[in-house]
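Structure, as C-alpha cells:
Nothing here was measured: the structure is a model prediction, and the numbers come from that model. Every chain is numbered from 1 and lettered A, B, ... according to where its sequence line falls, protein lines coming before strand lines.
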Amino acid sequence: MGFFTSNSSYPLPGLNYALSSQPYPVQHMQQDYSPRDIERAAQDFWNEQGSFRAVEKEGADKFYCLSMFPYPSGKLHMGHVRNYTIGDVVTRYQRMRGRNVLQPIGFDAFGLPAENAAIKNGVPPAQWTYSNIETMCAQLKRLGFAYDWSRKLATCEPDYYRWQQWFFIQLLKKGLVYRRNSRVNWDPVDQTVLANEQVIDGRGWRSGAIVEQREVPQWFMKITAYADELLDDLSGLDQWPDAVKTMQANWIGRSQGLEIDFKLADAADGADTLTVFTTRPDTFYGVTYLAVAAQHPLALAAAERDATVAAFVEEASRGDVTEAAMETMEKRGVPLGVDVIHPLTGARVPVWAANFVLMGYGTGAVMAVPAHDERDYEFASKHGLAIRKVIVTEQEWALEQRAATLGSLSDEDDAVEHPAQQSLIGAIAASSADGCTTERGVCINSAEFDGLAFDAAFDAITAKLEALGAGRRRINYRLRDWGVSRQRYWGCPIPIIYCEACDAVPVPEDQLPVRLPEDLVPDGRGNPLLRTPEFVNCVCPQCGKPARRETDTFDTFVDSSWYFARFASFGADAMIDARAKYWMPVDIYIGGIEHAILHLLYARFFVKLMRDVGLSDVAEPFKRLLTQGMVLAEAYYRTTEAGGREWIAPKDVDVERDAKGVVTRAVHRESGETLTAAGMGTMSKSKNNGIDPQDIIDAHGADAVRLYMMFTAPPEQTLEWSDAGIEGAGRFLRRLWKLVADHVAQGEPGAVATLEVAKLSAAQKDVRRKLHDTLAKVGDDYERRFSFNTAIAACMELSNLLHRFRDGGGAADAQGRAVMQEALDALVQMLAPIVPHVAHELWWALGHNAAVIDAPWPQSDAAARIADTVALVVQINGKLRGKIEIAADASDDQVIAAALADENVQKFIAGQTIRKQIVVKGKLVNFVVAA
RNA sequence: GCCCGAAUGGCGAAAUCGGUAGACGCAAGGGACUUAAAAUCCCUCUCCCGCGAGGGAAUCUCGGUUCGAGUCCGAGUUCGGGCACCA
C-alpha cells in the first residue's frame, strides 16, 4: 500500500522499506486510491519536515492567513470543516506561490456553553473545555490543515488572559474604560443574570420565571470615542465585502442633528427643561407631543405621583431587553401629565412616556412629528394625538404656489387645466390619503420657513434655535459604549479590587494574572466566584485594608478581539512583541457572516486601542475579509401519536425518487415509515440534522471531504450537505489517481522526451492550450476571486480532456507522453491546495524528488494559448441565429461577410434592411434589421 | 420593526467588465461489461412544437433602460444573517 520509501521519517506502518539514494523515490504505484494510508503518510511527512512552522524572515513576502478560531464545543462541526478548509486552501496556495505563510489555530475557550455543560453534568468548565480542545485538535490534524501547531493557544490559559488584564489596566489609566450602572436580565427564581439567549418569550429558560431588568454596576469601554475613526477607516478596507462595511457603517449610525431644549410649562420635579435629539429639525413645526423612555428621569419623577405612570414604568422593567423585541412590541405609552413649551410657536406640547423610546440612544427623549414619522404616526393615531403636516413634495409646493397665483386670475384660465397639473393633483390626493410621509421635502405651515427645502430649513431653524439658546448642532451615534462585564464564572477575571476607602483599584501589574480558579462547578444559581472566599477576599493594593475582588469576568468578545496579534507574538513576555509587526495585519481573515458587525467591529476597535497605547502602529487588523456561508442539511421528522415531531437523523433516512429523479418520499430506514421533509436548515441539535464530519472523513477520507466542501458552493454562499455529492468527490479522486497510474505505467515516471512544440499534433496542441488556459483561470480563481468551485470545475474539464486524449491515442508517442506529463504535473499542483494528501502522493508517483508543496507554482504559457480560429455567435436583433468559425485575426469586415454567408442568417435577413451591425471582438456579431 | 444579503433545470451550481443561459458535478433514464450485483465505461438529460433542419418560451414577480439584460434601474414576493449578555 502507498509508496515504498527509503526514508525512515516517512514511515508506513507494517511495511518493509526499500532502500534507495533518492529521498522519496517511487518504486511502485498502487493501482487503487486508498485515502486512509496516503493521508496518514502525507501528514507524517509534513510533521517530520516541520513544513508549516512559521518563521519570521525579514524581507520575505509574508502572508498571514487566519480563520476565526472555534469555540471548543465538543467536536468539529461541518461549519468548522468548511471554514478551515477554505483557510487551508488559501494558505497552501500562497505557500506554493513562495510566500512566507503563517496559519495558526487556537480556541475561543471561555463562554456560556461550558457553564451549561457544567450545570448538566457537574463537570468543571475547565475540564470540559480542555478535553474538547484535545478532541478537536485531533480532528483538525486528521483533516491535514497546514497549521503552525507550535502557536496553539486557548483564551482560557493564564498566559493569554494575563495580557488582556494588563491591557484593561492600561486603558483604565488612559481613561478609556469607566464604570456605570447598566441593565441586565435578572431571573428572580434562579437569582442569576441571564444572557439574552437564555430569555425565551420574556421568561428565564430554566426557571420559566418572568425576567426582570436590574441595574448593576458594569465596566464599559469607550468605543464611541473611536466611532468616527471606525467609520472613516471603512473606506480604506477595499478588500472587505461591501455588505459588511455597510452593516458596520449603519451600526455606528453617525447622524447630524440638533439637540433641542424644551422648557417645562410648569417647572416641577427639579428639572426645568427636557432635551431631545432630532435629525429632522425641518419638521420642527410639526411637533405635537414629546416621548421619553420609561427609564427617563422625567418619567420616573411622574411615576412618583401618578399610579398609571408608575404601572407603566413597572411593566416596562419586565421582559426582553433586546432591540428586536422593543421594536416589534406593540407601541404603548402613557401621558406624564407634564407639558413643555415649543420654543418657536410657544404652544404647549404634552409629554408621554413610550415603550419604543430607547434610554440608551440620544437623550432618551424624542420630539414626535406624527405627520412625518411612521412610529410617531402610529402612536398618535392610537392615542388621539394631533397630527400636523409641515412637509410637502417639491411638486406639491410648486402646484400650491401656482394655485395661489391662479386664484387671482380669470375663471377662463382656471378652466384650462394642463394634464400634468391634473396628475399632480392626483399625486397630492394620494399622499394626503396616506397621512404620513417620511421623505424630505419643502416646509409648509412653518411660519417664516415655508418654502425652504430640507438643507435650507435645517440650517435656518437651527440658527434660530441657537440664537434663542434653545438648541445646538450635535453629531449623534447609534453605537453605544461596549459593556464588557459579565456576571459569570467561566471568563477572564476583570482585574479590579474594590476597597471601601479607595473604591475601584486596578490590580498591580506585578500581581497579574488574576487567576481564575479552574475547579468550580456552576449550578445555574449565580456566579460561583461569589461563594469562593479565597478568590474574593484580598487586600487593597493602595491602603492595605481588607478588600473584595471583582467577580465579574470579561465578555468573550474581549478575548477574541486581539488573539490574532498574540498568534503573531506567541509566548511573548508582553502583550505582543516585534514579531507582530512582521506578521500584522492579517492578510486574509475567514469566518462566518454572523460576525459581520460585533466581533469584527470590536477587533478593529482593539487594534486602534493597541496602537494608541503604543503597542503597534497597525490601524486595521484584517486586510481582506472572506465571509463564508453556513452549512445546511435536510431535516426530516415523523409526527408522533401525541402530535409532536420526532426528528430523524439524515443518516437514518432513505429517499425515493420517480423516473425523473424528483424526490417523492423520504422513508425511515428502521421502521419504513414515511417521513416529512422539513427542508434545508442549519445543522442543529433540535432538528437532529447534524452530519458528523468524523463519520464522513472515516468513510471517504479527508481529501474527499475537502474537495466536496470547496466544489459544492462558492465560499460566501450557504452549502447544502449531500451524501451523493461526497461520493462524487471521491469518484473524481479515483479517476485522477487512475489517470496518473496509467501514465506512470507507460514508462519510467518523469523520464519523458523534451517538448518540441513544432512537432505536436493538433490534438496535442489542443491539450496544451486547454492546460495553459486552465492554469491562467485557476491562478486567478485562487488569488483574486476566491472562487474555488470554478477552479475545481476547470481542473475537472482538463482531467476529462486528458482522459479523451489518452483514449484517443494522443499520448501514445514520445511527444504525446511529454504533453501528458506536463499536464498531469500541473493538474496535481493546481489541486494540491485542495486535496493535499493525494497530490502529495501523486507528485512522487510522477517522478519528482521534492514534495509538491515545495515545488514552484506552474506558470501559464501565453504562447500555448494562442488559437488559430475563434467561434463567433451571429445574432439578429439580439437573437442567436448562427455560429461561425473564423480566423482569430479576421477584420470586422471579414467577420461581417462570414456572418452574412451563414444560411440561417440569410433566412432571417431576407426582405429586411440592416440598420446597424455590431461586432464584439472574439464574441459575436449582431445585425439590427427592420422591414 | 430596523439594517444587510440571496433567489438560475429534478438538485448543487456556472456565465469574472451588459454579449452563445445552464460549464462542472449530483440525481435520473438508456446501453456496455458481469452468472449476478457493486465498481467502471459510453450515450441522453430546461420546457413546448417539429421526422429533421429549425422555431418558440424560460434565470422569483411586475415594469423600465439597451442593438442586446441572469447581470443595470424602479416596485414587490419569499428565504437567510444581524440587532449590542450565544459564539
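One can place CZ of Arg881(A) at 16 Å from C1' of G19(B), the figure rounded to the nearest angstrom. Rounding to whole angstrom units, CZ of residue Arg486(A) and C1' of A84(B) are separated by 9 Å. One interatomic measurement links the two molecules: OH of Tyr489(A) to P of C85(B), which rounds to 22 Å at whole-angstrom precision. One atom, CD of Glu716(A), and another, P of G12(B), lie 18 Å apart when rounded to the nearest Å.
A heavy atom closer than 4.0 Å to some atom of RNA chain B occurs in Thr718(A), Glu720(A), Ala724(A), these being the qualifying members of residues 718-727 of chain A.
In this structure, Asn250(A) reaches the sugar-phosphate backbone alone: every heavy-atom distance under 4.0 Å involves primed, P, OP1 or OP2 atoms, never a base. Counting non-hydrogen atoms under 4.0 angstrom, Phe557(A) reaches a base of the nucleic acid. Residue Arg731(A) is in sugar-phosphate contact alone, with no base atom involved, counting any heavy-atom pair closer than 4.0 Å across all strands shown. The residue Leu112(A) sits close only to the backbone: its heavy atoms come under 4.0 Å of sugar-phosphate atoms, none of a base. Residue contacts shown for Phe110(A) are absent, as no nucleic acid heavy atom lies under 4.0 Å away.
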Problem set entry | Under 4.0 Å protein heavy-atom contact, by nucleotide of nucleotides 71-78 of chain B - B base, S sugar-phosphate only | --------
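Each of C67(B), A87(B), A23(B) was ranked by its minimum atom distance to the side chain of Tyr71(A); first place goes to A87(B).
Between Asp807(A) and Gln198(A), the residue anchored closer to the 5' end of RNA chain B is Asp807(A), taking for each the nucleotide with the nearest heavy atom. For Thr790(A) and Gln875(A), each mapped to the nucleotide of RNA chain B holding its nearest heavy atom, the one lying further toward the 5' end belongs to Thr790(A).
When both distances must be under 3.5 Å, the Watson-Crick or G-U wobble mate of A36(B) does not exist.
Distances shown here put a side-chain N or O of Asn789(A) below 4.0 Å from the OP1 or OP2 atom of A14(B).
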